[in-house]
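Encoded as structure tokens, the structure appears first; notes follow it.
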Amino acid sequence: MVYNSLSGKKEVFEPLNPPFVGMYVCGPTVYSDVHLGNVRTFVSFDVIYRYLLHLGYKVRYVRNITDVGHLENDADEGEDKIGKKARLENLEPMEIAQRYANGFHEVLQQFNLLPPSIEPAATGHIVEQIAMAQKLLDNGLAYEVNGSVYFDVTKYNQNHHYGKLSKRNIEEMMESGRELAAQDEKRNPIDFALWKKASPVHIMRWPSPWGEGFPGWHLECSVMGQKYLGETFDIHGGGMDLKFPHHECEIAQSVGAYGKDPVRYWLHTNMLTVNGQKMSKSLGNSFLPHELFAGSHPLLDEAYSPMTVKFFMLQSHYSSTLDFSNEALKAARKGYKRMINGLRVIRKMTWQDDDGQPNEALQNQVEKQIAACTSAMNDDFNTALTIGQLFNLLKKINSLHSGQLKFGELGEDLFNRLKQTYMTFVEDILGLIEEKPAGFDELVEALMTLYREAKHAKDWPRVDEIRAALKENGVVVKDMKDKIDWAYDES
RNA sequence: GGCGCUGUGGCCGAGUGGCUAGGCAGAGGUCUGCAAAACCUUUUACAGCGGUUCGAAUCCGCUCAGCGCCUCCA
């Protein structure tokens with residue numbers, strides 16, 4: 001089941017051409033560093049992508065890079081964001097785009113996100129965008145004024161519903177539309193640009209049938225979605241704030257050009273908030289990932305690692321707002337470490353034929369918990385609920401590890417499925433990984449060897465000393481009845 | 001103003017009609033050289049008012065509070 005923004009309901013997910021799934025996610029505009037809110041969207045869709053792969057779908061995941069066409073201001077009148085930055089820094093626009101695209105990739109890698117199948121750039125598809133604008137002109141749904149081409153929303157709305165995604169109607173939009181003096185080229189304020197004539201100072205420009213210019217922002221996604229996924233594809237994702245006008249315009253363009261709805265399931269991620277307010281570039285309350293990792297933002301008490309932040313995000317549902325605070329992040333860090341400690345334990349654990357007798361109540365409970373992981377993900381990718389279930393499984397794993405639960409009580413088959421489930425969900429589906437510096441394992445093993453020796457000799461002062469040294473490296477010792485192990489310090 | 005969303009225990013955050021979410025924090029216990037980790041038990045809930053129902057955090061209405069989109073933003 002997925003929540004479809006278009007219908008406003010949860011629907012059964014049925015791909016158009018199983019086992020293939022086409023998924024398009026609006027990527028970043030590369031004119032500045034990605035902030036954490038952007039990251040949330042990509043983290044969410046990464047998990048969705050991973051889960052669909054896990055279910056056996058052959059997913060083509062397209063996530064674009066917007067490197068032209070995104071204007072600084074409303075009303076299609078501002079300066080291009082990339083172009084402006086290029087002018088300010090006296091660089092080629094492509095240098096700007098490349099720099100921030102690189103930074104974007106670095107950040108996503110720190111969060112352990114899988115790369116998309118295709119990552120097309122808007123500037124690489126100028127020809128196709130011109131063709132689509134021309135097609136809309138031919139279909140009578142666009143008009144050219146003075147070297148610019150605009151989409152005729154009113155005309156389109158005669159036979160279609162402009163506003164069906166964002167649940168608006170154009171009468172209201174016409175009334176509440178802002179009166180901006182510079183809009184005289186457009187027939188109606190709600191029309192939007194498919195192609196803009198380049199002013200003499202505009203750096204980014206391409207030849208077109210209408211003179212030198214550049215494409216409108218909404219066009220690229222329609223074009224690239226159609227090119228790589230077809231005229232109709234399964235999933236289109238993006239942040240809530242793109243619903244209108246961006247996604248609405250995409251629908252209008254595609255329907256206008258090809259006569260069919262481009263997307264079957266629209267998925268929108270909700271916003272990250274800070275003190276209850278949307279985190280956004282323009283409000284200046286957004287964190288940059290590296291500020292978070294370094295703890296260098298005034299609102300942060302200390303540094304939080306990528307996996308801590310990712311775990312924090314996954315503990316809520318993608319369609320809910322999520323409020324950022326130091327307290328919440330600290331709690332998430334402990335939770336994350338607990339989960340990863342569990343991963344370390346289960347990885348090394350193998351079935352042991354002990355004298356435990358099958359415990360039916362326990363077996364039923366574990367069966368249910370295993371099944372619940374899948375059903376939670378099946379229910380609109382509910383990672384929060386999934387994590388809750390994984391913690392339930394973790395209790396069993398830890399009980400086995402400490403000898404408080406016997407393997408025989410579970411049975412070999414169930415134990416193997418428990419292990420399989422925990423590892424698959426944590427690593428492959430949620431994409432959570434162990435964070436450790438280079439040489440960490442060797443250092444810890446060396447200290448642990450000393451610890452065991454001192455412990456065996458009952459040299460308590462020495463034991464405490466080594467314990468403190470380990471603690472400094474973020475490790476706590478676990479003394480158990482019959483063995484000694486370590487875990488990541490959760491504090 | 002239009003459209004929409006949210007309000008859960010000390011904190012975060014799932015949950016859409018009856019069945020323990022979970023994490024963090026707190027309390028007690030088991031274990032331990034002492035601890036820690038782990039496990040077990042346990043305290044604190046569903047903004048307010050009214051309605052539907054055998055039964056509501058969950059459905060409906062109203063009130064209050066907060067937020068989002070309508071302009072660039074994931």
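Given the structure is predicted, the values throughout are model-derived calculations rather than measurements. Sequence lines set the chain letters: A, B, ... in the order given, protein chains first and strands last, and positions in each chain run from 1. FYI, side chains are in, hydrogens and waters are out, and symmetry mates aren't considered; it's all heavy atoms of this structure.
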Would you say the ring centroid of [X] lies under 6.0 angstrom from that of [Y]?
X       : Y       : answer
H268(A) : H247(A) : yes
F287(A) : F324(A) : yes
Y100(A) : Y31(A)  : no

Taking [M] as the reference, what is the distance to [N] when you measure between their [atom1] atoms (whole Å, please)?
N       : M       : atom1 : answer
rC34(B) : rA47(B) : P     : 47 Å
rA74(B) : rC11(B) : P     : 33 Å
rA45(B) : rA35(B) : C1'   : 35 Å
rG33(B) : rC40(B) : C1'   : 24 Å
rU58(B) : rG18(B) : P     : 11 Å
rG10(B) : rU43(B) : C1'   : 11 Å
rU63(B) : rG4(B)  : P     : 16 Å

Cationic N near anionic O, under 4.0 Å, D80(A) to K196(A): no
Whole angstroms only, please: what is the [atom1]-[atom2] distance between [X] and [N]?
X       : N       : atom1 : atom2 : answer
N364(A) : rC19(B) : CG    : C1'   : 15 Å
Y318(A) : rA14(B) : OH    : C1'   : 15 Å
N326(A) : rC24(B) : CG    : C1'   : 14 Å
D482(A) : rC31(B) : CG    : C1'   : 12 Å

Sugar-phosphate only, base, or nothing, as touched by H317(A) at under 4.0 Å among non-hydrogen atoms: sugar-phosphate
Touch class at under 4.0 angstrom, heavy-atom based, for V463(A) against every strand present: base
Would you say the side chain of [X] and the base of [N] hold a donor-acceptor pair, judged only by whether the two atoms sit under 3.5 Å apart?
X       : N       : answer
R467(A) : rA35(B) : yes
N275(A) : rG66(B) : no
D489(A) : rA36(B) : no
R462(A) : rG33(B) : no
T41(A)  : rA74(B) : yes

Q365(A) and K396(A) side chains, donor-acceptor separation under 3.5 Å: yes
State whether [X] places a side-chain N or O below 4.0 Å from either non-bridging phosphate oxygen (OP1 or OP2) of [N].
X       : N       : result
N382(A) : rA14(B) : no
R168(A) : rG2(B)  : no
N38(A)  : rA74(B) : yes

Stem segments of RNA chain B by first residue number [Watson-Crick or G-U, under 3.5 Å, at least 3]: B:1-7 with B:64-70, B:10-12 with B:22-24, B:26-30 with B:38-42, B:47-51 with B:59-63
Residues that D241(A) engages under side chain to side chain donor-acceptor pair (under 3.5 Å), provided they are two or more places apart: K278(A)
Face-to-face contact W460(A) to rG33(B) six-ring, under 5.5 Å, under 30°: yes
Of W217(A) and S325(A), the one whose closest RNA chain B nucleotide lies more 5': S325(A)
Charged tip of R467(A) within 45° of Y451(A) ring normal and under 6.0 Å: no
Given rC72(B), rA74(B), rG23(B), the nucleotide with the shortest approach to the side chain of M271(A): rA74(B)
The single option from F42(A), F311(A), F293(A) passing ring pair (Phe, Tyr, Trp, His ring centres under 6.0 Å) against F111(A): F293(A)
